[in-house]
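Remember, it's a predicted structure, so these values are computed and weren't measured experimentally. Chain naming here is simple, since letters A, B, ... match the order of the sequence lines and numbering starts at 1 in each.
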There are 2 protein chains.
Amino acid sequence: MLPEPPSALSGGLGASRADMAGPWRRRLLSALLGLALWGFAASAGVQKSIRLSVQSNPSVAQGNVPAPVYQTRYFSQQVDHFGFDMDLTFKQRYLVSDTHWSKNDGPILFYTGNEGDITWFCNNTGFMWEVAVELKAMLVFAEHRYYGESLPFGDQSYRDSKHLNYLTSEQALADFAVLIRYIKENVPGAWKSPVIAIGGSYGGMLAAWLRMKYPDVVVGALAASAPIWQFEDLVPCNMFYRVVTNDFRKSGSGCSESIRKSWEAINRLSSTDEGLSWLSTAFHLCSLLKTKEDAGTLKTWLSETWVNLAMVDYPYAAFFLEPLPAWPILSVCKFLQDPKLPDKELLNGIFKAINIYYNYTGDAQCLNISQTTTGNLGDQGWSYQACTEMVMPMCADGVNDMFEPQTWDFELYSDECFKQWKVKPRPTWITSIYGGKNISCHSNIVFSNGFLDPWSSGGVNYNISDTLVAITISEGAHHLDLRFSDTHDPPSVQRARNLEVYYMKQWIRKYRSNN
Amino acid sequence: MLPEPPSALSGGLGASRADMAGPWRRRLLSALLGLALWGFAASAGVQKSIRLSVQSNPSVAQGNVPAPVYQTRYFSQQVDHFGFDMDLTFKQRYLVSDTHWSKNDGPILFYTGNEGDITWFCNNTGFMWEVAVELKAMLVFAEHRYYGESLPFGDQSYRDSKHLNYLTSEQALADFAVLIRYIKENVPGAWKSPVIAIGGSYGGMLAAWLRMKYPDVVVGALAASAPIWQFEDLVPCNMFYRVVTNDFRKSGSGCSESIRKSWEAINRLSSTDEGLSWLSTAFHLCSLLKTKEDAGTLKTWLSETWVNLAMVDYPYAAFFLEPLPAWPILSVCKFLQDPKLPDKELLNGIFKAINIYYNYTGDAQCLNISQTTTGNLGDQGWSYQACTEMVMPMCADGVNDMFEPQTWDFELYSDECFKQWKVKPRPTWITSIYGGKNISCHSNIVFSNGFLDPWSSGGVNYNISDTLVAITISEGAHHLDLRFSDTHDPPSVQRARNLEVYYMKQWIRKYRSNN
């Protein structure tokens, strides 16, 4: 069996990656796949994970929470809100549940869809379904343009940079604002309903930005695990990997140090054909490693796996990116206790560790280094967004983190983007349009971040004002607070959810007193 | 001599107007030329009027105020901020004066350029030049894209709807935000300077919207005579003409009633060739009226003249749209005291009245109904903007106002726009993106309006909150407050300017206490 070429890696810059030096490949993968990894990986897994979540959720089992039942609707949106030459429209999908809505009075909780099929986000944001009962709220989940069924040019939407030109956060926010206006004007009883934006990850960024740019449209926003400051030099570029490293450091003695040592061990082994062969066998790879570049791909894949584990380090068994046990990093670290082991023994431990992630069910016959999740649907969209607006600098030094050193080189990043998409990223645009750290004049946004989540490094982790509030979840991974509640939830996420509801009620109350 | 065809009318929808029924032609003219009329008409006259203003301004004569001396600079802007397919840039012109600026400390007063050559606005906004001394401020006047020298595609900028696609308020605001960031990052000592947006008319709308959409970029905004509510049904469509009517009603007994009677008088006379001939002679027209349609053009021209007079009803002699005496409507109304006169005598009075406007100097040999100001540069741009975003409904009933009845028919408006520009206006977009009347969550905007100014009908004339403040100028025409101070200024405008400075100081103080 011939190994797959490195260019067959899922997502990110695709074929062009093969041209890049090792560390660069990984850095770009991290930068480009970062959120996509969450979004699309989640996309792939959620349909199953929802059922798993719902089934394993005691309160659901007790019938306290409604099952995710919704109506699917479509709204005609301008393809280009910001220009008038092209007067085309497309159908934006949105999902509505008004089972618990108190007509004329109850609020609307509006999920600002991110980079994936909206049904997955809808089914996976259990918090909204639970809160709908308490707040007597209507739920709306709006799909982000260019994802799921909301394709401006149908199957031609990703054809070239011309067709992709309308895939921006600004267009998506305009979609949301126009859709909310439509709902309020056309759904009987909705005219006076206060609307709250809710989103996680990139969806959380959109929720916050919707409140910032259209404060007349939403009375407040819950931005869960939203790295709105992961741009330019707003936060040090190495913070992301330091958070990942901390998760492993805290989860077992010798754990992060073992991973740090693994890179050189792989480098040493991959310098010979025998070593490459040994690595292929030791990691049970589906495709044999044949070159040093292949070994680079292996390292990239491992890096992403550690990042993924940090994102889904949930307190209960879940199928989010992959089916995993509770606190998966704890399980992983059991195999990584002695960083001083000889290379092959160390790497055998690394294999056992990642086998937790890729083969918890025991069904895998071999491991495929071309993917890090059970699916890779839709990652093209985020790759394009990362190559235009969403330029998130990442770096590692191998000292304060457990990763191979990699610097941030925007020029190389830009060149790769141009090769792939025929567009050039504008690294300062997001801070210019959304204000960077100067957001204190806005109001009514709750930023929640879990300390286990690497994306917390780019999030808002301190109160900016009385109404721009940070909620930190010490035992939380990537937007744990938005998931269905679970008996294994740590107190920190329970407290976070309570606080989030408290602020929502405050916004609603204030809105009602003014209207 | 053959009369010019109706399609030779300056500005607005141009040739397509010839196809329209009489009232429609006027309504569209009003809607399309309204702001343009101010902007471009002003543009044409300002170069002269500045000198006039400066020369006639006592404080300037005494050397208290700096003469408008500035540096001209150019900044490379993205043609399309909101898309990445086209990576072109253009040179945006901006003017800078730092004579009185207190480096590291003093504020920046930033004029958000509207639909015309920025040098005209720069020279004609005397208030900023006067305040610069008091606030130790740097002045920046930024040209609006597609006007003056800031042409995204050079002389091809107006070629077709494809080239015009980037002429929107959103792109202009992004230009301003990016330029301000550039100035703060690159002008030594500017990094900590609070920036205040200032603008008049459409420029005032942009100043307010800049604060709303980019509150991190400007600490506050002075929006003078900014009709941000002249959209959709936010204000009754007949308010504009009612204000004009009031100005005439208050300026002389029988005045507005004489004008109201004039339309039917013209209709009666224009029903015969002899009557048309009489009208041509009586109005000293350069081109003979030959058809009823030509008489319609005459009525349109008269309507616009009354509107213009209301806009420039200043308390001192000025050359703004045309050279005029102080309180020009008072002079006009001296010829319009008896509405019961027979048709020809009534219209002789109308001629004498408009002769004040068109021939105050006595130099005109004949009157040209194809123009209402001394120049018509650049009106194409506003016509396009009115046919895309800036849809301002206007109507008249002839009962509560002195104009011929005309209803608001969006479909016809849209059809005419498509004929002219190959674009369709989106009448709800401006309220969707800028919030319509729901702007209470914003802050630090002063809306000033003169009660004599017809555009005050679409302005913010009441305090919305402690920091969204309305200043009304009972004796003020179109942004009188932004002009150089004059010994004939009524107390209401002196008070307005004092209040405006008070609020600016408050914003600056608050900024400094937070930074």
A.B. asks: Please classify the contact of A:Ser443 with chain B as side chain, backbone, both or neither, using a heavy-atom distance under 4.5 Å.
C.D. replies: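 Contact with chain B involves no heavy atom of A:Ser443 at all.
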A.B. asks: Need one label for A:Thr431: side chain, backbone, both or neither, based on atoms under 4.5 Å from any heavy atom in chain B.
C.D. replies: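 Answer is both: backbone and side chain atoms of A:Thr431 are under 4.5 Å from chain B.
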A.B. asks: Name the region of A:Thr428, side chain, backbone, both or neither, that has any atom closer than 4.5 Å to a heavy atom of chain B.
C.D. replies: both
A.B. asks: Tell me, side chain or backbone of A:Tyr384 under 4.5 Å from chain B's heavy atoms, or both, or neither?
C.D. replies: side chain
A.B. asks: Output, in order, the C-alpha distance, side-chain angles, deciding distance and verdict of side chain to side chain contact (heavy atoms under 4.5 Å, CB included) for B:Ile196 and B:Ile508.
C.D. replies: CA-CA 9 Å; B:Ile196 292 172; B:Ile508 294 166; 4.0 Å; yes
A.B. asks: Taking A:Met86, A:Glu232, A:Gln171 one by one, which has the highest count of heavy-atom pairs under 4.5 Å against chain B?
C.D. replies: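 Greatest number of close heavy-atom pairs with chain B: A:Glu232.
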A.B. asks: Would you say the ring centroid of A:Tyr202 lies under 6.0 angstrom from that of A:Trp382?
C.D. replies: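 Yes; A:Trp382 has its ring centre under 6.0 Å from that of A:Tyr202.
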A.B. asks: Quick check on the interface: out of B:Lys213, B:His442, B:Lys437, who has the most heavy-atom pairs with chain A under 4.5 Å?
C.D. replies: B:Lys213
A.B. asks: Would you mind checking which part of A:Asp80 comes under 4.5 Å of any heavy atom in chain B, side chain (CB onward), backbone (N, CA, C, O), both or neither?
C.D. replies: both
A.B. asks: Just give me the residue among A:Asp160, A:Thr388, A:Val219 that pairs up with chain B most often, heavy atom to heavy atom, under 4.5 Å.
C.D. replies: A:Thr388
A.B. asks: Does the salt bridge (charged side-chain N to carboxylate O under 4.0 Å, His left out) test come out yes or no for B:Arg512 and B:Asp105, once each step is laid out?
C.D. replies: CA-CA 9 Å; B:Arg512 285 186 182 145; B:Asp105 184 44; 3.4 Å; yes
A.B. asks: Could you look at A:Glu389 and say if it's the side chain, the backbone, both or neither that has a heavy atom under 4.5 Å from chain B?
C.D. replies: both
A.B. asks: In this structure, are over 12 heavy atoms from other groups packed under 6.0 Å from B:Tyr511 atom OH?
C.D. replies: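 It does: B:Tyr511 OH has more than 12 such atoms within range.
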A.B. asks: Between A:Ser383 and A:Trp421, is any side-chain donor less than 3.5 angstrom from a side-chain acceptor?
C.D. replies: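 Yes, A:Trp421 and A:Ser383 have a side-chain donor paired with an acceptor closer than 3.5 Å.
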A.B. asks: Please round to the nearest 0.5 Å and tell me the distance separating atom CG of B:Asp216 and atom CD1 of B:Ile180.
C.D. replies: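 Taking CG in B:Asp216 and CD1 in B:Ile180, the distance rounds to 9.5 Å.
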A.B. asks: B:Tyr166 side chain to B:His81 main-chain N or O, any donor-acceptor pair under 3.5 Å?
C.D. replies: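 Pair absent, no side-chain N/O of B:Tyr166 close to backbone of B:His81.
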